[in-house]
J.: 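Quick one: structure below, then a few questions.
For the numbers below, each heavy atom of this structure counts, side chains included, while hydrogens, waters and symmetry mates do not. Residue numbers begin at 1 in each chain, while the letters A, B, ... track the order of the sequences.
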There are 2 protein chains.
Amino acid sequence: MSTDSKARRPDTRATMRDVAALAGVGIKTVSRVINDEPNVSPATIAKVRDAAERLDYHPDLNAGNLRRTGRRTRTIGLVVGSVANPFSGAVHRGVEDTAVERGVAVFASSLDDDAAREQRIVGEMLRRRVDALILTTVRKNQSRLVAEQERGTALVFVDREPAGIDADVVVTNNAEAAAEATAHLIQVGHRRLAYLGDRRELWTAQERRRGFLDQLGAVGIPTSGVPVIEDLHTEDAAYAAVLELLDGPHPPTGLFTSQNLVTIGALRALRDRGLHRRIALVGFDDVPLGDMLEPGVTVVAQNPYDMGRVAARRAFARMDGDTGEPVRVVVPSVLIPRGSGEIPPEPA
Amino acid sequence: MSTDSKARRPDTRATMRDVAALAGVGIKTVSRVINDEPNVSPATIAKVRDAAERLDYHPDLNAGNLRRTGRRTRTIGLVVGSVANPFSGAVHRGVEDTAVERGVAVFASSLDDDAAREQRIVGEMLRRRVDALILTTVRKNQSRLVAEQERGTALVFVDREPAGIDADVVVTNNAEAAAEATAHLIQVGHRRLAYLGDRRELWTAQERRRGFLDQLGAVGIPTSGVPVIEDLHTEDAAYAAVLELLDGPHPPTGLFTSQNLVTIGALRALRDRGLHRRIALVGFDDVPLGDMLEPGVTVVAQNPYDMGRVAARRAFARMDGDTGEPVRVVVPSVLIPRGSGEIPPEPA
DNA sequence: ATGAAAGCGCTAACAC
DNA sequence: GTGTTAGCGCTTTCAT
């Protein structure tokens, strides 16, 4: 691994001017050919294409966009929790599939739900003049972006709803689906439930908690004694919290876990105590191979791929000139019973 | 959702010239302040920063890069199988973590192992003048990229080794790890094994198959009668192939699956036949929650996050002027026994 | 310490 | 059909 400090590339990259010279035409004619503009004779087109080929010419999109009408970079930015998380990966894929059809490239970046990182990364993308930004934000208040939106950058929030800004939003039915999960546990016979949730500051966590508690209230279960454990942001934190709950004086008979890492941590804890067939669990957000565990993991599964597709479509609609009122799209989650959520409470 | 066809943004974006005018200085002075160059008086710095703040000025990186020495865009491209695949996600995260430290943005794109798509996507990235390209390619021959490499674009191949080009490569020890997995099954007592592999054209699939067969040969098991089923590219294809094998006249007592989707398909097939506790399985590449299935899934686990980090570091070393010989880094896979690979063959 | 002029690679506007 | 000129927003070079 020899290191040569000042190795500079020869930068022997052909420019449009080079192609024009070789083809014996003006630079604007080359531009016309490269961009498939009309009013160039077939013979000239052939000459230019041949010259471009021989010089291995590749147009510089960044240079072209500098002057081009509308100033689009044909580039969008996607900001998610972590590109290594399956939920984010599916959103990403949905966005990408929509973008690639249009020749638009996607910058992707992870936040780890870190507000400082959010600011840095959004700044980097803005400096690169992305046409649109699709965001799963940490901070609730996104008023900093209002000015950018007014300058023409399409903004779509996905998964989490922001405040302080009017923009398109694509979310799942968090509260309703959480209530449905809770109702499912209640219907199986559970009365002693516990809630295990993500960071309180996250909008999704608040919504899911609300759905859980509202449903308890709706069927007349007093919520005062119900363990509501929050700010669980990792598998390990969830694992520890569930162990503490199980080892406590009044362990619940059923668990509602509000996020996939929390679900996994809880599953591990149940297994370590040998209780995974005796204590019920319903998780929010699907878990990889959740159907192959024993018992299978009952979840309300989101549809992250569709959320990504819808978000990207909203972004492109805005870029195409849609100036209508901000749209709020709800991509519903569905309850998938697989076993863990159908375990009845133990007779007391 | 009202659509207004020709809504054009007012493009009221402040430029460096605007900031210069408001601050009452020359444009070059603004440039110095924005880029933290020396030789500006503190008072001038303050004036400029204040003006930039008031205009909500954000420099245009693409415009700046046009003239800047070295012509770096501070942008790299990552091309993987699918951003929705956990292996690719981990590679991506490794690349991103390395890039973000340097203020470099990452374009990520999925290939679905489609050669036509590979060409399109690489072209899009080149047009955007990425400083480096980190690739998990479909095609073995990558000589098309030699010219681009000579023009100064750093090229790093990750996971799969290319032909027709001299470039840095980051791979796992495919053949050795496959042999290790096979040896593991043999040691448990298996003699009737089967190989289930990905598309033959993929370098990794070839290597893993070679490791499997070589190991059988090394211990004197004749490979002629061993089922070698290839070109399994989806979970469903693997599922069907394994069912066929199990329902055949001489079902194997142990399976080696050469890729994570294949492993999952095989697991489903075994379960559907109620054989998951009776037929052994070792998979290549880890499977999400593989430790929580019953039995746990024995795998040779790759280290995709490290592969991403190492690949990105190689790319940055090249961008920093390393002109040494191409480097080949092997990030080893490790065998993780969890149960499925330790099932002994049934007594005959 | 500061700025004027030239130019990066391309497209827009307008000639011919 | 085709070319010329100007200029996108910035950095470079070189003067002051």
J.: Send over the distance from A:Arg71 CZ to D:dG7 C1', rounded to a whole Å.
T.: 10 Å
J.: Of B:His58 and B:Arg32, whose closest DNA chain D nucleotide lies nearer the 5' terminus?
T.: B:His58
J.: Does the B:Arg102 side chain pair with the main chain of B:Thr98, one donor and one acceptor, at a distance under 3.5 Å?
T.: no
J.: Rounding to an integer number of Å, can you tell me how far B:Met16 CE sits from D:dC8 P?
T.: 15 Å
J.: Nearest-Å distance, CD1 (B:Ile34) to C1' (D:dC10)?
T.: 11 Å
J.: Can you tell me the distance, in whole Å, between the CZ atom of B:Arg17 and the C1' atom of C:dA4?
T.: 12 Å
J.: What's A:Asn39 touching, base or sugar-phosphate or nothing? Going by heavy atoms closer than 4.0 Å.
T.: base
J.: Please tell me if A:Thr29 has a side-chain N or O lying less than 4.0 Å from either OP1 or OP2 of D:dG1.
T.: no
J.: Ignoring backbone atoms, test whether A:Thr44 places a side-chain nitrogen or oxygen under 4.0 Å from the OP1 or OP2 oxygen of D:dG1.
T.: no
J.: Roughly how many Å is it from CG in A:Asn62 to C1' in C:dC10, rounded to a whole number?
T.: 11 Å
J.: Where the side chain of B:Asp60 is defined as all heavy atoms beyond and including C-beta, which of D:dG9, C:dT11, C:dC10 is the nearest nucleotide?
T.: D:dG9
J.: Rounded to the nearest angstrom, tell me the gap between atom CZ in B:Arg127 and atom P in C:dG9.
T.: 18 Å
J.: Taking the side chain as every heavy atom from C-beta outward, state whether A:Ser143 and A:Ile165 have any pair of such atoms under 4.5 Å apart.
T.: no
J.: Any Lys/Arg nitrogen of B:Asp60 or B:Arg67 sitting under 4.0 Å from an Asp/Glu carboxylate oxygen of the other?
T.: no
J.: Do the side-chain N or O atoms of B:Thr69 get closer than 4.0 angstrom to the phosphate oxygens (OP1, OP2) of D:dT11?
T.: no
J.: Rounded off to whole Å, could you give me the CG-to-C1' distance for the A:Asn65 and D:dC10 pair?
T.: 15 Å
J.: What nucleic acid atoms does A:Asn35 come within less than 4.0 Å of, heavy atoms only: base, sugar-phosphate, or nothing?
T.: sugar-phosphate
J.: Side chain of B:Arg67: nearest nucleotide among C:dA12, C:dA6, C:dT11?
T.: C:dA6
J.: Quick one: on DNA chain C, does A:Lys28 or B:Val25 contact a more 5' nucleotide (nearest heavy atom)?
T.: B:Val25
J.: Please state how far atom NZ in B:Lys47 lies from atom P in C:dA1, giving the value in whole angstrom units.
T.: 14 Å
J.: Starting from the 5' end of DNA chain C, give me the residue, B:Ile45 or B:Leu66, whose nearest nucleotide shows up first.
T.: B:Ile45
J.: Checking salt bridge (charged side-chain N to carboxylate O under 4.0 Å, His left out) against B:Glu161, which of B:Lys140, B:Arg328, B:Arg139 comes through?
T.: B:Arg328
J.: What class does the angle between the rings of A:Phe107 and B:Phe107 fall in, given that below 30° is parallel, 30 to 60° is tilted and above 60° is perpendicular?
T.: parallel
J.: Checking contacts here: which listed nucleotide (C:dG9, C:dA12, D:dG1) is nearest the side-chain heavy atoms of A:Thr15?
T.: C:dG9
J.: With a cut-off of less than 4.0 Å, is there a side-chain N or O of B:Ser31 near OP1 or OP2 of D:dT11?
T.: yes
